[in-house]
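In what follows, every chain begins at residue 1, and chains take the letters A, B, ... in the order their sequences are listed. Excluded from the calculations below are hydrogen atoms, water molecules and symmetry mates; all remaining heavy atoms, backbone and side chain alike, are included. What you see is a predicted model, and the numbers here were worked out from it, not measured in a lab.
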2 protein chains.
Amino acid sequence: MARTRQTETAVLGALSVMPMTGYAVREAIRDVLGHFWSESFGQIYPALSALERQGHVDREGKERTGSSVFVITPSGEGRLRELLAAPIQPAPPRNGLLLRLFFGRQLGPEVCQSLLENAKADAERRLTEFKAIRNQIAADEATTADHLYWLLTVSAGEHGARSVISWAEESIATLLEQTPLPVDAHE
Amino acid sequence: MARTRQTETAVLGALSVMPMTGYAVREAIRDVLGHFWSESFGQIYPALSALERQGHVDREGKERTGSSVFVITPSGEGRLRELLAAPIQPAPPRNGLLLRLFFGRQLGPEVCQSLLENAKADAERRLTEFKAIRNQIAADEATTADHLYWLLTVSAGEHGARSVISWAEESIATLLEQTPLPVDAHE
DNA sequence: GGGCACATGTAAGCTGTTACATGATTAA
DNA sequence: TTAATCATGTAACAGCTTACATGTGCCC
């Protein structure tokens, strides 16, 4: 029960920005919410059907054309506000990198260092992505009333990425202290 | 396939630190790995049985007493290293706070501010928890070869919490600019 | 006319959570 | 002796992913 609501929230949220096809909802969730949210493909169409049955969205142009555009109804907007106001259900944490580092003695310092290097590189990649997103939102600034809130989530991503980078750098240094370089005389 | 391995990894990892009962494995995962990992109760006993069948753990004292202690075998240690060396499977992101903020226009700036205040308070709570954990690890320093790696994960938690705090403070300020105080003449 | 992106859906199967059932041991 | 904690397990269900099935419209 508790979990299907989450899909409902994401789908209604997407439609609250603009009407679109189910296919476009999926793309929006993947490409726009992707940095902090995910829904799997197979959930979206059933969720849309359920929302239609409940009168929270209308399906326009359904006849014979195949593709149809979903539009949020006033009741759907009420439902969305209700869902957004509900208590946040914290997702159980599952950080594979930290799991590996916690048992890092099994892997040895060198492997752990390379895990950290990868994490740092990933975070740097994300940081440049966020920069691009920021520019894009700024470009649309005039046309959307949502940009202020969108920037908040971009900023969260940036802070998170920077914290990963500084943590990784510190941790690599700590591990290096622990593994004195093999004293090779060359040079 | 891919997912059951994760439970296997956590269980073998716990037993690599010291032999313990299934119940204790569960507590260790909840209390020690809890900040970055979770396994549900109902997965742990089946995982232990499977590991026993495969010879990766031995069950000692199984006879009639009810409780038995699980001990990792050499083959289990090999399996653990294999699992830890496998590519990290990134968990699909699901951040309920960011989802709410992204559609924050529906909630209004005041509600969003209080969401951010809560997030900040949570992060501060975590920060003091991490401090306590750090002290505890330092106290055990002599007795465990793992403490260096454990501190890495604590540090990750601290960096993360601090990044949430600074992000939340910035964001609250941004929202305040947006909602000029109601000009009430009183005072 | 062949390939690609758009578009909608379903079904099988796996993962994970929760609640239940049971019993031993220990402390008040 | 009664409650809490330790201990082991199972079964039902909810949620999610993946692969499949199908068709349209457009561009080269």
**Asked** With sugar-phosphate meaning primed atoms plus P, OP1 and OP2, does Ser40(A) contact a base, only sugar-phosphate, or nothing at under 4.0 Å between heavy atoms?
**Response** base
**Fill in**
From the candidates dG9(C), dT17(C), dC16(D), the one with an atom nearest any side-chain atom of Gln43(B) is dT17(C)
**Message:** Quick check: do Tyr149(A) and Ser171(B) have side-chain heavy atoms less than 4.5 Å from each other?
**Reply:** no
**Message:** Without decimals, in angstroms, what is the distance between Phe41(B) CZ and dT5(D) P?
**Reply:** 14 Å
**Prompt:** Is the closest basic N to carboxylate O distance between Glu8(B) and Arg5(B) below 4.0 Å?
**Reply:** no
**Item:** Heavy-atom check, side chain of Val25(A) versus side chain of Glu39(A), under 4.5 Å
**Value:** no
**Asked** What nucleotide, of dG16(C), dA7(C), dT8(D), holds the atom closest to the side chain of Ser67(A)?
**Response** dA7(C)
**Fill in**
Of dT17(D), dA7(D), dT8(C), the nucleotide closest to the side chain of Tyr23(B) is dA7(D)
**Prompt:** Reckon Ser68(A) has a side-chain N or O less than 4.0 Å from the OP1 or OP2 of dT8(C)?
**Reply:** yes
**Request:** Identify which nucleotide among dC16(D), dC6(D), dA7(C) has an atom closest to any side-chain atom of Glu27(B), counting heavy atoms from C-beta outward.
**Result:** dC6(D)
**Asked** What does Gly22(A) touch in the nucleic acid at a heavy-atom separation under 4.0 angstrom: a base, only the sugar-phosphate, or nothing?
**Response** sugar-phosphate
**Message:** Taking salt bridge (charged side-chain N to carboxylate O under 4.0 Å, His left out) as the cut-off, I'd like each qualifying pair that reaches into residues 20-32 of chain B, sequence neighbours left out, listed once.
**Reply:** Glu27(B)-Arg30(B)
